[in-house]
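Read the structure below first, then the notes.
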Amino acid sequence: MFALIDCSSFYASCERLFRPELQNKPVIILSNNDGCAIARSQEAKDLGIKMGDVFYKIEKLIKENNVHVFSSNYTLYADMSARVMNNIARFTPDVEVYSIDECFIQLTGFDDLEEYGYLIRNTVIRNTGIPVSIGLAPSKTLAKIANKLAKKSSGVFLLDTPEKITAALEAFPLNDVWGIGSQYYKKLHSHGLEFAGQLRQMPMEWVRTNMTIQGVRMWDELWGRPRIAFGVYRERKKGICCSKSFGKLTGDLNEITEATANYASRVAEKLRQDKSCATLLSVRLITNQFRPDLPQYFKGITVQLRHPANNTSDIVKAAIKALNLVYHPGYKFIKVEVLVTGIIPQSEVQLDLFNNWDGVRQDKISKLMDKLNMHYGRGTLRLATEGYKKAWNMRQNFLSPDYTTDWDDILTVK
DNA sequence: TCTGGGGTCCTAGGACCC
DNA sequence: TCTGGGGTCCTAGGACCC
């Protein structure tokens, strides 16, 4: 049996934890650059605020209803997420962290799974203050469905017998099924399908033709046959990217170079975290598609690294080289993306005797940077090209303190 | 009337997830 | 003024090989 444990309105719950006066009040969290709503408390959902609603378009509604607004504070959310996951790991060693606010666990050999579900739920709530709901079922897709049903009932939902599963699927809307997005929903709906139970009744060949092999896997899972692997150990990532919109439009190559260096440096950090090296690096420059009055530009280029690397210096140099190949004056850019691919394990990188490569030295420098930045905060030690003014940096006008990760931000109790 | 067969690798694009 | 970021997997099609 699988369980899916999911934090309710996770970002909003994190913010409310340190602002208890916001319990039962509408709260929303904005995307980077304070662009649109990406998380809402139940009260905010009830006001009709939807995922992705553009901030300035709902400002009136926000004022009228006294909605509390926060910029995304990923430092806080990541730390709270780790606390939740650690608590869950006390119940079973097999935890697959699926996203910042969700994990799958595998449970076997329990007489009363429902009771165990409540025990996990209550423990997490007591120890972290973050409410969670738990869905239990024989496949991951069904566990996701059980989890949605748990949210509508008492926080834990068990789908264990064929009868219970059939009854649940009959009334479960297709567009809420894990793996069915807007495009597949449109297609299925045009064939008269509306509920998960109806899709499950379709012949496998029909599913394969209309939804490829992935659809067949999902279809099997709906029948309670697990087809999606349970992975406690995270696979090596196939690509690592850092891409963020600027706080303003800019055509200034110096500013864009600074941003590119920052993003590339972050990519190098992530590579080192994964103990991976990259062989290819792409940079893409993008204008603002929401400004059709301005000339549009959208171009990316991929360069080969002269040696598989994860040190900051090599990655940043390659990124700046690629940037200079894609940059074109006369445009106002909104975003630059830095992406590395061709990832290989760090341990498999071979030294190249003929390339006069100073990677060993650079690797040592990067290691030291990681150590210092871990201790004193990200960006304490960085390359000069990364700059210090950061005129392009994103807007975060409603940022909460880093209550749990920064001594300066710790709450004072009077 | 009519152009081999069977592979590999890469990229772009489309679908999905949170 | 103002519209997120970071991933996954699958398929089709082109280039290339023998």
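Letters go in sequence order (proteins before strands), and every chain restarts at 1.
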Looking across every strand, which nucleic acid part, if any, lies under 4.0 Å from [X] by heavy atom: base, sugar-phosphate, or nothing?
X       : value
G239(A) : sugar-phosphate
I100(A) : nothing
D101(A) : sugar-phosphate
L30(A)  : nothing
R291(A) : sugar-phosphate
V177(A) : sugar-phosphate
Q289(A) : nothing
F290(A) : base
K186(A) : nothing
K335(A) : sugar-phosphate
S245(A) : sugar-phosphate

Check: Taking the side chain from N33(A) and the backbone from S245(A), do they hold a donor-acceptor pair closer than 3.5 Å?
Finding: yes
Notebook entry, point to check: More than 12 foreign heavy atoms under 6.0 Å from NZ of K248(A): is that the case here?
Noted result: yes
Margin query: Can you tell me the base-pairing partner of dC18(C)? Count Watson-Crick or G-U wobble geometry only, both distances below 3.5 Å, and say none if there is no partner.
Written below: dG5(B)
Next item on the list: Establish, yes or no, whether a centroid distance under 6.0 Å links the rings of F110(A) and F91(A).
Entry: no
Margin query: I want to know whether Y74(A) and Y11(A) have ring centres closer than 6.0 Å.
Written below: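 Yes.
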Check: Any side-chain donor paired with an acceptor under 3.5 Å for D46(A) and Q42(A)?
Finding: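 Looking only at side-chain atoms, Q42(A) and D46(A) do form a donor-acceptor pair, the distance falling under 3.5 Å.
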Note to self: Judged by each residue's nearest nucleotide on DNA chain C, which is more toward the 5′ side, K238(A) or I38(A)?
What the structure shows: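 Taking each residue's closest nucleotide, the earlier one in sequence belongs to I38(A).
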Note to self: Quick check: on DNA chain C, is the nucleotide nearest K237(A) upstream (toward 5') of the one nearest I334(A), or the reverse? Name the residue that is more 5'.
What the structure shows: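 It is I334(A) whose nearest nucleotide is closer to the 5' end.
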Next item on the list: Could you grab the distance from atom OG of S8(A) to atom CG of D101(A), nearest 0.5 Å is fine?
Entry: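 One finds 9.0 Å between OG of S8(A) and CG of D101(A).
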Next item on the list: Describe, in one word, how the ring planes of F230(A) and F2(A) are oriented to each other, choosing from parallel (under 30°), tilted (30 to 60°) and perpendicular (over 60°).
Entry: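 The arrangement is tilted - the two ring planes meet at 30° to 60°.
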Item checked: Contact boundaries on DNA chain C for chain A, cut-off under 4.0 Å to non-hydrogen atoms -> dC2(C) to dT11(C)
